[in-house]
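Structure first, then comments.
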Amino acid sequence: MFGILVATHGNFAEGIKDSVDMILGEQSQFETVGLKRGQLAEDFGNVIHEKAEELLDKSENKELFILTDLFSATPYNQSVLVAHKLLENKEAKSIKIVTGVNLPLLIEVINGRMLGKDFEDIKNDTISAGENGIIEFFDMLKSKGINR
C-alpha cells in the first residue's frame with residue numbers, strides 16, 4: 001500500500017481529509033501538511049520531507065502519492081524538491097505529484113489504492129476524476145438536452 005500526502009496552503013489539507021474521513025472512513029497511511037502564514041518555504045519543505053519519510057517507511061513498495069493545491073506554489077515546489085531528494089537517495093521507488101487537489105480527485109486516489117490498482121493507472125484515473133468532478137449544473141442539463 002502506498003502513502004498519500006496532501007500538502008496545501010493553510011488548513012485546506014486538514015479540511016479535505018476531514019471530508020474524506022466522513023465519506024470513506026478514516027484512512028491509514030494518509031497525512032496532511034499545511035503551509036502556515038509566515039512560515040518559511042524551507043521549513044515547510046522539512047515538514048513535507050518528514051511526513052513523506054514516515055509514509056514511505058510504512059509503505060510496502062516505497063511509493064508515495066503527493067497532492068497539492070496550486071501548481072508552482074510553495075506546497076507544490078517544496079513537494080517537488082522533497083520528491084527529488086527521496087528518489088535520488090533511493091528512499092522511494094516512485095512518487096507521483098498531482099496538483100489541483102479536490103475531493104473527487106482525492107477520493108479517486110484512495111479508491112484506486114483500496115482496489116489495488118496499478119500506481120500509474122491511479123495517477124491517470126485521478127487526473128480524470130479531478131477534471132470531471134468540475135461541473136456547472138445548467139451546462140450539464142443542456143448537454144443532456146434538458147433546457148431549464
Side-chain angles (χ1 to χ4, degrees), residues 1-137 139-140 143:
M1 181 186 303
F2 61 85
I4 300 169
L5 178 62
V6 179
T8 66
H9 293 84
N11 296 320
F12 179 46
E14 291 174 25
I16 203 166
K17 182 181 186 306
D18 184 54
S19 296
V20 165
D21 290 348
M22 185 184 307
I23 295 165
L24 297 176
E26 199 166 317
Q27 300 297 308
S28 62
Q29 295 184 38
F30 178 21
E31 296 289 338
T32 64
V33 292
L35 176 66
K36 305 300 179 214
R37 188 180 313 271
Q39 186 175 19
L40 296 175
E42 184 178 324
D43 292 343
F44 187 59
N46 291 335
V47 173
I48 292 171
H49 193 268
E50 181 181 305
K51 291 289 185 182
E53 282 184 324
E54 287 174 18
L55 288 165
L56 286 165
D57 285 345
K58 296 175 188 173
S59 171
E60 302 153 3
N61 47 12
K62 299 297 182 193
E63 294 175 325
L64 178 63
F65 212 110
I66 302 175
L67 301 157
T68 69
D69 53 359
L70 291 172
F71 177 73
S72 201
T74 301
Y76 175 85
N77 294 339
Q78 290 300 313
S79 294
V80 169
L81 292 172
V82 167
H84 178 72
K85 284 180 196 172
L86 293 170
L87 291 165
E88 188 174 67
N89 296 337
K90 304 213 183 314
E91 294 176 68
K93 181 179 118 184
S94 181
I95 298 176
K96 303 294 183 199
I97 303 172
V98 175
T99 191
V101 67
N102 60 33
L103 196 52
L105 186 151
L106 182 54
I107 287 173
E108 187 66 36
V109 172
I110 294 167
N111 280 336
R113 182 175 77 169
M114 288 180 353
L115 294 171
K117 286 185 174 180
D118 176 74
F119 199 54
E120 188 70 20
D121 290 342
I122 292 171
K123 180 205 62 166
N124 295 331
D125 293 347
T126 294
I127 292 169
S128 293
E131 292 169 348
N132 295 331
I134 300 171
I135 299 167
E136 197 284 322
F137 178 72
D139 288 345
M140 182 206 42
S143 74

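The two atoms that bring A92 and L87 nearest to each other are O-CD2, 3.5 Å, heavy atoms only. In this structure, L86 and A52 approach most closely via the heavy-atom pair CD1-CB, 3.7 Å. Shortest non-hydrogen contact noted between A83 and I97 is CB-CD1, 3.8 Å. A pairwise comparison of heavy atoms in E91 and L56 identifies O-CD1, 3.9 Å as the closest pair. Taking both residues in full, the closest heavy atoms of E42 and Q78 are given as CA-OE1, 4.3 Å, listed atom of the first, atom of the second, then distance. Taking both residues in full, the closest heavy atoms of P104 and A129 are given as CB-O, 3.8 Å, listed atom of the first, atom of the second, then distance.
The neighbour count for E136 CD, taken as heavy atoms of other residues, nucleotides or ligands under 6.0 Å away, is above 12.
Listed by chain and residue number, E63, K96, F119 satisfy the side-chain contact (heavy atoms from CB on, under 4.5 Å) test with S94 (two or more places apart in sequence, or in another chain). D21 pairs by the salt bridge (Lys or Arg N to Asp or Glu O under 4.0 Å) definition with K17, not counting sequence neighbours. Under the rule for a side-chain contact (heavy atoms from CB on, under 4.5 Å), the partners of Q39 that lie at least two apart in sequence or sit in another chain are L35, K36, D43, F44, V47. Remark: D118 pairs with E120, D121 by the side-chain contact (heavy atoms from CB on, under 4.5 Å) rule, at least two apart or across chains.
If you check the side chains of S59 and N61, you find a donor sitting under 3.5 Å from an acceptor.
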Show me the donor-acceptor pairs, under 3.5 Å and distance only, between side chains in residues 105-114 and residues at least two apart or in other chains.
| from | atom 1 | to | atom 2 | distance (Å) |
| --- | --- | --- | --- | --- |
| R113 | NH1 | F2 | O | 2.8 |
| R113 | NH1 | S28 | O | 3.3 |
| R113 | NH1 | Q29 | O | 3.1 |
| R113 | NH2 | S28 | O | 2.7 |

All N/O donor-acceptor pairs, side-chain side in residues 65-73, below 3.5 Å, sequence neighbours left out:
| from | atom 1 | to | atom 2 | distance (Å) |
| --- | --- | --- | --- | --- |
| T68 | OG1 | T99 | OG1 | 3.1 |
| D69 | OD1 | H9 | ND1 | 3.3 |
| D69 | OD2 | H9 | N | 2.8 |
| D69 | OD2 | H9 | ND1 | 2.8 |

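The closest side-chain heavy-atom distance from N102 to I134 is below 4.5 Å. For the pair F12/V6, no side-chain contact is recorded, criterion being any heavy-atom separation below 4.5 Å from C-beta on.
For the atom pair L64 CG and K93 NZ, the distance stands at 13.0 Å (nearest 0.5 Å). For the atom pair CD (E60) and NZ (K62), the distance works out to 10.5 Å, reported to the nearest 0.5 Å. Rounding to the nearest 0.5 Å gives a distance of 10.0 Å between CG of L103 and CE of M22.
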Please lay out, stage by stage, how V20 and Q27 fare under the test side-chain contact (heavy atoms from CB on, under 4.5 Å). CA-CA 8 Å; V20 165; Q27 300 297 308; 4.1 Å; yes
Stepwise, does the side-chain contact (heavy atoms from CB on, under 4.5 Å) test hold for I127 with K123? CA-CA 6 Å; I127 292 169; K123 180 205 62 166; 4.2 Å; yes
